[in-house]
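Structure first, commentary second.
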Amino acid sequence: MSTWANLGLQDSASPLMEQLIFFHDHALLILVMITVLVGYLMFMLFFNNYINRFLLHGQLIEMIWTILPAIILLFIAFPSLRLLYLLDEINEPSMTLKSIGHQWYWSYEYSDFNDIEFDSYMIPTNELMNNGFRLLDVDNRVILPMNSQIRILVTAADVIHSWTIPALGVKVDGTPGRLNQTNFFINRPGLFYGQCSEICGANHSFMPIVIESVPVNYF
């Protein structure tokens, strides 16, 4: 989860989130290079006295500043498309979790295990333990095995919600009447926190999600 003065992204807990972080760093490096180049050119433009009364056009430089940005955009577009297809890939999941968004809580179903169902509510501030996290802890956590391919099906019962876990690189909209799916692979044990990231009403930020990742033997 995010902590104070955390300027970067959260530590990843899945291979997909690692790839998202790599792409973020790649795009950020290109942006820094462009910003430095344009800033240098503007600085030199403002603080020099060079004048050319007869300069009407420069076809070579116009070709360069048209083609070069197109090439730079390709360096961003190709990794982005590769990542989009990776995020959509479903690889023979070992278990399926169904998540249903309600106002203002989540319901979960383990359809592989005789239809285990439960609701997950945020713990009110006045009922929190000393080691709990305000607005993030829930009464029933989602227990999932690590090192397993997990498919999640997301829908909603009333309005649009969004099931989001930043550490896993997962964000799936839950739309009434539709069933959206994605997959993730948790590669370490721990607690991973998320919230509804859709503007689904006044209290949508109070729909926390907590995943507890445990070794397969304990699951």
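Quick note: residue numbers are just sequence positions, from 1. From a predicted model like this one, the values you see are computed outputs, not experimental measurements.
Counting all heavy atoms, side chain and backbone alike, Arg134 lies closest to Leu128 at CA-CD1, 3.5 Å. For the residue pair Gly174 and Ala156, the shortest heavy atom distance occurs at O-CB, 3.3 Å.
The shortest side-chain heavy-atom distance between Gln181 and Ile152 does not fall under the 4.5 Å cut-off. Side-chain atoms of Met207 and Val138, non-hydrogen and from C-beta on, never get closer than 4.5 Å to each other. Here the side chains of Phe192 and Ile186 are in contact, with some heavy-atom distance below 4.5 Å. Under the 4.5 Å side-chain criterion, counting only non-hydrogen atoms from C-beta, Val159 is in contact with Gln103.
Under the side chain to side chain contact (heavy atoms under 4.5 Å, CB included) rule, Glu109 has a single partner from Ile100, Leu97, Leu153, which is Ile100. Residue Phe184 forms a side chain to side chain contact (heavy atoms under 4.5 Å, CB included) with just one option from Ile165, Leu87, Leu144, Val172, and that option is Leu144.
Hydrophobic clustering, with ILVMFWY side chains joined whenever heavy atoms are under 4.5 angstrom apart, keeps Phe185 apart from Leu86. Note: the hydrophobic cluster containing Ile30 does not contain Leu74 (ILVMFWY, side chain heavy atoms under 4.5 Å, direct or indirect links). By the criterion of side-chain heavy atoms lying less than 4.5 angstrom apart, applied directly or through intervening Ile, Leu, Val, Met, Phe, Trp or Tyr residues, Tyr110 is grouped together with Ile211 in one hydrophobic cluster.
The aromatic rings of Tyr108 and Phe118 sit tilted, their planes meeting at an angle between 30° and 60°. Using cut-offs of 30° and 60° on the angle between ring planes, the pair Tyr105 and His102 is parallel.
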Walk me through it: do Ser162 and Ser197 pass the test side-chain hydrogen bond (donor to acceptor under 3.5 Å, both in side chains)? CA-CA 5 Å; Ser162 186; Ser197 59; 3.3 Å; yes
For Glu62 and Ile67, what are the C-alpha separation, side-chain angles and deciding distance, and is it a side-chain contact (heavy atoms from CB on, under 4.5 Å)? CA-CA 9 Å; Glu62 287 182 8; Ile67 294 172; over 6 Å; no
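Side chains of Ser120 and Asn140: no donor on one and acceptor on the other come within 3.5 Å.
Taking a cutoff of 4.0 Å between a charged side-chain nitrogen and a carboxylate oxygen, Asp139 and Arg141 do not qualify as a salt bridge.
Side-chain atoms of His24 do not come within 3.5 Å of backbone N or O of Gln19 as any donor-acceptor pair.
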